[in-house]
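Written below as structure tokens is the structure these notes are about.
Please read all numbers here as calculations on a predicted model, not as lab measurements. We count residues from 1, following the sequence as given.
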Amino acid sequence: MGHRELTKVRILAHRDSVTGLLEGLQSYGAFHPVELEEPHDGTERHKNSDVNEARDKLDRLTKAIELLEPYRPKGSFLDETLPARAELQPEDRERMLKDDRPFRIAREVSELDRERAQYQKENEQLLSRAESLVPWRTLNVTRAKLRKARRVRFETGVLAEQAIPALLAALDKVGSRWDFHSIPVSDSSIPTPVIFTCLAAEASQYLPLLNEAGFQEVRLPAEFPPSREEERLRDQARQAALEVAQRTKRIANKVKELGALRLAFDETRCLIDRLEGEGKAVATRSTVVIEGWVPVSDFPELKHRVESLSTTFIEKIQPDKDEEPPIELANDAFSSPFEVVTDLFARPRSDEFDPTPFFAPFFAIYFGICLTDAGYGLILLLFCYLLIRRLQPEGMSRKLLVTLGICGVSTIIMGLLTGGFFGILNSPVAAKAIPQVGNALKPIQWFDPMADQMYFFRLVLLFGVLQVSFGFVLKGWANIKQEKVADAIFDQASWLLIIGGAFTLALGAVGTIGTGNARLIGGTMMALGGLIVLLFSGRENENLFVRLAAGLYGLYGITGIFGDVLSYARLLALGIATGVIAGVINTVAAMCLGIPYGVGVIM
């Protein structure tokens, strides 16, 4: 348990062997490459233009998969919820990367989508133009015909209906040689189509008045009357819509290639990772240098893999000054999944101890205490097992599911010890309806949280005392490992004496041990611990009064410890709440069973 010891290595390879070497290192998984410093004379940063091409391919595959996903036939509930993970053999991976077919399909799908978007835009534009001509259907004239009248000026456009009276009054003040015609519309919320006519020589007198009134010009069709032009535009829009439907159908027909595209996506992403790792190396004209870290225990296996390739060599090297190796934890099968919790905060440095194996048991136990129902634990365990079997996750995803599975086992155990199984015993109606559950749980049940709440309260406080004390023990151990023995005695052992003394007094108060002995032993331990804190909390100060003041402030820390222990009462609240809620649901469900016609069973 703790950290895995890593050693730094350097790998030399001929340029022709780099691809095979990186594929082997990637599949091995235990090698941590590092980016080398700026190249020395005679070397250069190893470049591989293939990485940009691979990224372009990945983008095309991503877009194609997104386009095809809506057309994928829906499978069973299990297949939709937990899709199975496809596995490829190494030779299949190599063949897929060389096969250009998935990428050709991705290009075809992208091109079809581009054409579809183009026709869709054309359809919308044509319909918009056609809709703009609807109010002008009754006008049987074209723009070209209106322009033939050289001495007369025609203006066609739209104007807000409420602005027309004021405009007409303003036009009358200017002159009388003009004509204004409006076309009625059924919807008063849209502008009114109007035609204004005047002598071309006098247009400059009237047009400013139209603009002030909010007149907006509408250009009539040049070749056809509005009604015929509208029909022509709608015909073109229908043709564009047919093209959209055709492209959509052709895209949907490609959905059978979705599986191959997803596999190509995964393999291309792995290829990019490999090529990016290659970019961390430096090279001469014929040789590539790669450096990284590997666990000491795995070095012989890595050496065998590397040197099995031709023109490759590996050696151990000394790390640079102040260079920190990657952090790799080494825990047993039980503790290892809980590393996902450690990573939520921060992985311990190489000079710190790994807390994972120490908090893992507490984490699982407290999770079980919070639920205290074997039925819920069983569902959680089966759900995690199904996810692992179906999805075959790796890395942190797998660790998270295994952690939840362990917590499910803990919940089952705590549920059996407290008589919790879907809250049946907490509901008199359910317990009476299913007496077999009660008969099976009673011999196993340790105590009833609902009936023995004070016992449950003392139990969770005991866990609080144990974990807080365990924390002081770990901190003291860490100080001893760092040769800080004085800190371990004065800062941790002193508080262990205080906590132990207070716990002894508590045992005497509840009658577990004799009151006289408890007072003597507990009081002595607390007094000794308190004296150490008082005298040595400020030991770095030479002034006696400052040291005593620091000691008094240190003793104030007992309130924090008391609060930490008391906070474990939340386990009691959550444990009881689970049973109460489950019992209420069972009672309500039992009351609904009497509703006829199967409605009660459904509810």
Side-chain angles (χ1 to χ4, degrees), residues 1-8 25-35 82 85 266 269-270 272-274 276-277 280 292-298 302 319 322-371 377 380-381 383-411 463 467-468 470-475 477-478 481-482 564 567-568 570-571 574:
M1 296 185 293
H3 296 80
R4 297 187 71 182
E5 184 181 359
L6 278 72
T7 183
K8 192 173 183 182
L25 293 176
Q26 187 178 41
S27 63
Y28 182 53
F31 180 73
H32 304 275
V34 297
E35 187 167 356
L82 303 174
R85 177 178 175 180
D266 291 340
R269 189 166 54 182
C270 292
I272 291 174
D273 292 340
R274 188 164 66 246
E276 288 178 345
K280 296 179 179 181
W293 296 84
V294 65
V296 173
S297 58
D298 292 337
L302 179 63
D322 299 329
E323 183 178 5
E324 289 288 336
I327 299 173
E328 219 178 279
L329 303 180
N331 291 298
D332 55 32
F334 173 79
S335 302
S336 178
F338 290 89
E339 292 172 4
V340 68
V341 181
T342 304
D343 290 340
L344 290 177
F345 300 92
R347 285 206 169 190
R349 300 193 308 267
S350 57
D351 58 343
E352 298 175 336
F353 72 89
D354 177 18
T356 306
F358 303 107
F359 76 74
F362 289 104
F363 189 98
I365 292 172
Y366 295 158
F367 191 99
I369 292 176
C370 289
L371 287 184
L380 179 61
L381 177 62
F383 183 69
C384 293
Y385 174 77
L386 179 62
L387 284 176
I388 292 174
R389 284 293 303 270
R390 185 78 177 176
L391 303 180
Q392 300 179 20
E394 298 176 353
M396 286 300 163
S397 299
R398 184 180 184 86
K399 288 183 178 181
L400 176 60
L401 291 175
V402 174
T403 298
L404 292 176
I406 294 174
C407 291
V409 174
S410 173
T411 303
F463 276 114
Q467 188 166 20
V468 170
F470 191 54
F472 279 108
V473 171
L474 290 180
K475 182 60 177 177
W477 175 42
K481 288 185 65 177
Q482 296 175 7
D564 290 340
S567 68
Y568 284 77
R570 289 175 291 185
L571 298 176
L574 292 172

> Is the shortest side-chain N to carboxylate O distance from Asp343 to Lys399 below 4.0 Å?
Replying inline: no
>> Looking at every heavy atom in both Glu328 and Arg347, which two are closest together, and how far apart are they?
In response: CA-NH1, 4.0 Å
>> A side-chain contact here means heavy atoms from C-beta on lying under 4.5 Å apart; do Ser410 and Leu371 qualify?
In response: no
> Okay, side chain of Ser567, backbone of Asp564: is any donor-acceptor separation there less than 3.5 Å?
Replying inline: yes
> How long is the gap from CZ on Phe338 to CD1 on Ile406, to the nearest 0.5 Å?
Replying inline: 4.5 Å
> What about the rings of Phe358 and Phe362, do their centers lie closer together than 6.0 Å?
Replying inline: no
> Considering only heavy atoms from C-beta outward, does the side chain of Pro326 approach that of Leu6 to under 4.5 Å?
Replying inline: yes
>> Is there a side chain to side chain donor-acceptor pair (under 3.5 Å) between Thr356 and Thr342? Walk through the geometry before answering.
In response: CA-CA 6 Å; Thr356 306; Thr342 304; 2.7 Å; yes
> Do Phe463 and Ile369 come close enough that some side-chain heavy atom pair is under 4.5 Å?
Replying inline: yes
> Atom CG of Leu574 and atom OH of Tyr366: how far apart are they, to the nearest 0.5 Å?
Replying inline: 13.5 Å
>> Assess the residue pair Tyr568 and Gln467 against the criterion (side-chain contact (heavy atoms from CB on, under 4.5 Å)); give the C-alpha distance rounded to whole Å, side-chain angles, the decisive distance to 0.1 Å, and a yes or no.
In response: CA-CA 10 Å; Tyr568 284 77; Gln467 188 166 20; 2.7 Å; yes
>> Taking the side chain as everything from C-beta on, heavy atoms only, tell me whether Pro348 gets closer than 4.5 Å to Pro355.
In response: yes
> Is there a donor-acceptor pair closer than 3.5 Å between any side-chain N or O of Thr411 and the backbone N or O of Gly377?
Replying inline: no
> In a check of side chain to side chain contact (heavy atoms under 4.5 Å, CB included) between Leu387 and each of Leu400, Leu404, Leu401, which one passes?
Replying inline: Leu401
> Should the heavy atoms of other residues, nucleotides or ligands under 6.0 Å from CZ of Phe334 be counted, would the total exceed 12?
Replying inline: yes
> How far apart are the closest heavy atoms of Asn331 and Ser335, and which atoms are they?
Replying inline: CB-CB, 3.9 Å
>> For Leu381 versus Gly405, what's the shortest heavy-atom pair and its separation?
In response: CD1-O, 3.5 Å
> Rounded to the nearest 0.5 Å, how far does CZ of Phe470 lie from CZ of Phe359?
Replying inline: 12.0 Å
> Taking the side chain from Arg4 and the backbone from Pro295, do they hold a donor-acceptor pair closer than 3.5 Å?
Replying inline: no
>> With a sphere of 6.0 Å drawn around CD of Gln482, does it hold more than 12 non-hydrogen atoms of other residues, nucleotides or ligands?
In response: yes
> From Leu391 CG over to Ile388 CD1, what is the distance, rounded to the nearest 0.5 angstrom?
Replying inline: 9.5 Å
>> Would you compute the distance between atom SG of Cys407 and atom CD1 of Ile365 and round it to the nearest 0.5 angstrom?
In response: 10.5 Å
>> Counting neighbours of NZ on Lys8 that are heavy atoms of other residues, nucleotides or ligands and sit closer than 6.0 Å, is the number greater than 12?
In response: yes
